[in-house]
Q: 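My questions all concern the structure below.
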Amino acid sequence: MPSPSFQALEDILLFDPGKRGIAPLVQRGALESAARQLLEKSVVAVVTGFYIPSAKAPETDGPLGAVHLRDALQANGQSVTLITDDRCHSRLQTLGFSKLIGSHWSELPSELGALVSIERLGRALDGHYYNMRGVDITDRTAPLDELFLQAADAGVLTIGVGDGGNEIGMGNVRGLVSTHISQGERIGSTIPVDHLIVAGVSNWGAWGLVAGISMLAEKNLMPAASKAREDLERLVDAGVVDGVTGRAEPTVDGLDWDVHAEVLDRLTAVVRWACP
Ligand code: MG
Ligand code: MG
């Protein structure tokens, strides 16, 4: 079992206002293991970007958490590259994202120690990529999940953050996704990772990782709520949309900012309690 403070973080991440039924997927202890091992890696790449075809833009869940994870790791002296695919890149480049052209391992930074996915699709059993509604979006999703299969061969640490069952990392709990998630058998990802972090919203899982890193590094690396809100507005100004509503507005997964601010506040409170 994880330490009490990590259990407290996991409990906060279980909040499931979208009622997706994620609780059975949660792997207790994964957050602590992920944070501990990620802290040891000097070179990290974070992959994100979920393309919403109707809006021709990536969604706000993923990039926001990726930016905050990068900021925290950089403050800790680690080198971090944010990566997305060609389709998502036009809206994310102003926020410092690089794009991969061919999903090739050679495009990643050399000396890579860890590869992190936040809300990025993993292929289903039939090799296709599905959104939560069960729509096949294979022709609009670059196979960046392939990198996570190659990472295992290269001995690179992999971490996946997801909130629905179709993301990279959910291969760890594919059977549970089939049982507990709507259309889980069809959409469930087959791509495994070393450590899977499940949360009600994937950005929250990234914040949970930042909280865990903060506790282990004994310094508060959490984004202030005001900065987090500004970062979300920068994304929206760049044309990034809410993945549920499809609109370019400062919400994530159809949830108003107040909901996200409260989760951020609760995670930060655990950090402050653990390292006053
Ligand atoms: Mg998701
Ligand atoms: Mg989401």
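We count ligands from 1, going down the list as the structure has it; atoms in each ligand are counted the same way. Predicted, not measured: the structure shown is a model, and the values here were computed from it.
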Q: Pair K227, D231 - check salt bridge (charged side-chain N to carboxylate O under 4.0 Å, His left out), show working.
A: CA-CA 6 Å; K227 181 190 183 293; D231 290 337; 2.5 Å; yes

Q: Please identify which of these residues, D85, D61, D163, D145, meets the salt bridge (Lys or Arg N to Asp or Glu O under 4.0 Å) condition with R120.
A: D85

Q: Do any of the N/O/S atoms of D253, backbone or side chain, fall under 2.8 Å from the Mg ion (ligand 2)?
A: yes

Q: Between N76 and A217, which heavy-atom pair has the shortest distance, and what is it?
A: OD1-CB, 4.0 Å

Q: With a cut-off of 2.8 Å, does D163 place any N/O/S atom under that distance from the Mg ion (ligand 2)?
A: yes

Q: Closest to the Mg ion (ligand 2), which N/O/S atom of D61 is it?
A: OD2

Q: Given the Mg ion (ligand 1) as the apex, I'd like the angle to OE2 of E167 and OE2 of E119, rounded to 10 degrees.
A: 120°

Q: Quick check: do F148 and V47 have side-chain heavy atoms less than 4.5 Å from each other?
A: yes

